[in-house]
Every structure is written in structure tokens, then in C-alpha cells.
Amino acid sequence: MLAYVIPLCAAIVGVAMVLNLLRLIQGPDMVDRVLALDTLYINALALIVLLGIWLASDLFFEAALLIAVMGFVGTVAVAKYLLHGDIID
Amino acid sequence: MKRWRGLPHPWLSLVLWLIWPLLVNSFALGQVLLGALLGWAIPLLVKDFLFEVPRLRHPLRLLGYLARILGDIVIANLHVAKLVLGPKSRLRPAFIEVPMALENEFLLTVLTSIISLTPGTVSASLSPDRRTLLVHALDAQEPARLVEQVKRRYEAPLLEIFECSPM
Amino acid sequence: MSFWIEALICLFLILGSLFALVGAIGLYRLPDFFTRLHGPTKATTLGVGGMIIASMIFFGSQGDGLSLHELLITLFLFITAPVSAHMLAKAAMQQRVKYIEKTQGKPWDQ
């Protein structure tokens with residue numbers, strides 16, 4: 001059953017990522033693009049978790065955790081830059 | 001409130017101690033000891049940067065509160081899913097100002113996070129004097145009722161569980 | 001792996017990916033930035049949470065004991081998602097992003 005469900009879920013997440021990408025291209029504002037990138041990060045994390053289950057490998061945990069941390073730091077840094085024109089104040 | 005200087009944040013130490021074996025995914029004795037060492041050393045090194053966490057008065061009730069929030073997160077998600085997939089004319093977005101009775105920085109952070117995660121609302125901004133929180137709601141029939149619900153359901157239990165003086 | 005465990009994993013995976021899709025649909029079709037903010041902060045976070053629970057059950061049933069470390073990712077996401085949403089909302093108000101007309105109330109000046 002998993003052999004069918006995992007590709008299906010990957011397809012659903014793929015559609016979600018395409019929608020995020022459309023929003024990223026469309027804008028219209030800077031913050032919309034940042035939000036789209038943030039969502040793209042989280043969906044990529046979901047794909048990596050799926051890949052981990054598909055290959056039955058524990059190694060993808062570290063990759064997923066790193067993506068989560070990097071995505072958060074990146075989003076906050078860009079948001080602070082938009083807010084103050086400066087990241088470290 | 002008395003604080004032991006060798007262990008400035010006991011709860012943070014406990015959490016760090018638990019997180020380390022989870023991170024390496026092994027509860028072997030060596031990892032647990034290393035976790036204990038990290039849990040003791042990290043709060044000591046960064047204690048100047050941490051803000052004051054009020055003392056926990058009812059640990060058991062905190063668990064109940066967390067369980068209720070988890071349930072609310074799922075319900076809020078179903079609600080948001082319905083709004084997102086339904087017609088756009090059904091949306092009734094609103095900016096709402098919620099007065100805050102909490103004073104403590106840590107509890108304010110917790111409350112704003114809970115508001116963002118739960119009932120179709122995102123906390124957007126806190127006024128400089130920390131008395132008012134601006135909240136954006138996706139589906140606000142009556143803003144006054146939403147304010148009342150946030151205060152009763154999420155803020156009042158926090159005031160009860162933690163030892164802090166309401167203003 | 002027994003049938004029921006596999007079914008449970010499949011259920012969580014499908015629920016998780018559907019929530020992720022709902023978040024993305026919300027991001028794509030809602031009319032203004034502040035309404036769009038709701039999709040990713042709630043639905044996507046819960047979607048990934050569901051998938052991670054599925055992964056926990058899967059690796060737990062593989063035989064080498066309980067696998068709890070995936071919980072850390074869920075915890076991290078649930079702590080960080082509101083923070084980044086708050087920062088983005090503040091940035092949006094500072095940039096005076098447009099909002100749809102029927103919105104009640106007004107954003108603050110940052």
C-alpha cells in the first residue's frame with residue numbers, strides 16, 4: 001500500500017510546490033514572495049521526509065532539520081531587512 | 001523567588017537534557033550523560049540573554065492546556081481549509097485589537113504564538129507599551145466575540161497556570 | 001509490518017499532504033497578503049506535522065526501537081511558524097501592502 005501512497009503524496013506536495021512557485025513569480029509585493037519562499041521551504045521539507053520513508057533511510061532526518069532551521073533563519077532575516085533596512089541592529 | 005546560581009533555568013536544563021538524546025536518537029548512557037552536561041552548561045553560558053520565565057504553579061493543568069491547544073490547532077485548520085476552498089465572498093477579514101493582561105515577555109511570546117496557530121487569526125503586531133496586540137482574523141463575524149474568546153480560552157488559563165500578577 | 005500500521009502511516013501521509021496542498025491553495029488564491037498569511041502558518045505546518053508523525057510510526061515499526069527524533073522537527077516548526085508569520089506581518093504593515101476593502105479595522109503604522 002505504501003508503494004502507491006508515497007508517490008501519490010509526492011505528487012500532491014509537488015502540486016502544492018507549483019502553486020507556491022506561481023505565487024513566487026506573481027508577487028505582487030516583496031512580502032508575498034518571501035512568504036512563498038518560506039512555504040516552499042516547508043514543502044521541500046515534507047518531500048524530504050517522504051523520500052526518507054520511501055528509501056527507509058534515517059539519514060534524511062538531518063537534512064530535514066537543517067532545511068527547517070535554514071528556512072526559518074532566512075525568512076526572519078529577510079523580514080527584518082524589509083522592516084528596518086538592516087538585519088542586525 | 002529563590003534561584004540556585006549553579007542552575008539558573010531548571011526547566012530549560014531539563015528540556016535541553018531531553019532534546020540531546022532525541023537529536024542523536026539514542027538513549028544510551030553516554031548520550032544521556034552528555035545531554036545532562038549540555039543541559040547544565042548551556043543555560044549557564046547564555047543566562048544573560050534569556051528572559052525571566054515565571055514559576056509554574058500547576059504543571060498538570062499546563063499539560064491539559066497544551067492538549068486543548070493541540071485539539072484547537074486541528075479544528076482551526078479544518079476551518080481554515082473550508083474557508084480557503086470555499087468562495088472568496090465568504091471571507092470576512094478584519095484587523096482586531098486585543099488588549100493584553102499579561103506582562104511577562106515569555107508568556108506574551110507564548111500567547112502570540114498560540115493566537116497565530118489557532119483560531120483563524122494571525123498576530124500581526126504588538127504595541128510598544130505591550131498592552132495591545134493587533135490580530136488579523138480571516139473570518140471575523142463579530143470582532144468583540146473573538147476578543148472575548150481569545151481572552152477567556154487562551155489568556156486566562158496562562159494567567160492561572162503561571163505565577164504572575166495581572167495588571 | 002502489519003496491515004493496520006501501514007494503513008495508519010498511509011492515512012497520516014495523505015492527511016499531511018492534503019493539508020500542505022490546502023496551505024498552498026490558500027497562498028495562491030486568497031485575495032490579499034494578510035489573508036494569504038493564514039494558509040502557510042496553519043495548514044502547511046500541520047501538514048508537515050502529519051507527515052512527520054507518519055515517518056515516526058514508520059521508523060518505529062522498522063524494529064530498532066522507538067524513533068522519536070522526528071518530533072524535534074515538528075516542535076521546531078510549531079515554534080518558528082508563528083514567529084516568521086509575525087515578522088512578515090510587521091514587514092507588510094511597514095511596507096503598506098494593500099489589503100482588500102471589506103477588511104474591518106485598520107493596520108497600524110510601524
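So you know, we letter chains A, B, ... as the sequences are listed, proteins then strands, and number each from 1.
Proximity to chain C (any heavy atom under 4.5 Å) is shown, for A:Leu40, by neither the backbone nor the side chain. The parts of A:Val69 that come within reach of chain C are both its backbone and its side chain, each placing non-hydrogen atoms under 4.5 angstrom from that chain. Heavy-atom distances place the side chain of C:Phe76, and not its backbone, under 4.5 Å from chain A. If you measure heavy-atom distances from A:Val76 to chain C, the contacts under 4.5 Å come from both the backbone and the side chain. For C:Ala81, no part lies under 4.5 angstrom from a heavy atom of chain A. Neither the backbone nor the side chain of A:Ala11 comes within less than 4.5 Å of any heavy atom in chain C. In this structure, the portion of A:Leu45 lying under 4.5 Å from any heavy atom of chain C is its side chain and not its backbone. With a 4.5 Å cut-off on non-hydrogen atoms, A:Met17 does not touch chain C at all. Heavy atoms closer than 4.5 Å to chain C are found nowhere in A:Ala10, neither backbone nor side chain. Contacts of A:Val31 with chain C are made by both backbone and side-chain atoms, with heavy-atom separations under 4.5 Å. Residue contact with chain C, scored on non-hydrogen atoms closer than 4.5 Å, involves the backbone and the side chain of A:Asp32 alike.
Taking every heavy atom of both residues into account, C:Phe58 and C:Ser61 meet most closely at O-OG, 2.8 Å.
A 6.0 Å sphere centred on CE of A:Met70 holds no more than 12 heavy atoms belonging to other residues, nucleotides or ligands. Other residues, nucleotides and ligands contribute over 12 non-hydrogen atoms within 6.0 Å of the CZ atom of A:Phe72.
In this structure, a donor-acceptor pair under 3.5 Å is present between the side chains of A:Thr75 and A:Asp38.
Once rounded to the nearest 0.5 Å, the distance linking CE of C:Met51 with CD of C:Glu70 reads 13.5 Å.
Most heavy-atom pairs under 4.5 Å with chain A: of the set C:Ala20, C:Ser84, C:Ala89, C:Gly16, this distinction falls to C:Ser84. In terms of heavy-atom pairs under 4.5 Å with chain C, the best-connected choice from A:Leu82, A:Leu35, A:Ile6, A:Val15 is A:Leu35.
For C:Leu8, the side chain to side chain contact (heavy atoms under 4.5 Å, CB included) partners are C:Phe12, C:Ile57, not counting sequence neighbours.
Put simply, the side chain of A:Pro28 does not reach to within 4.5 Å of the side chain of C:Phe33, judged on heavy atoms. A:Val34 places a side-chain heavy atom less than 4.5 Å from the side chain of C:Leu88.
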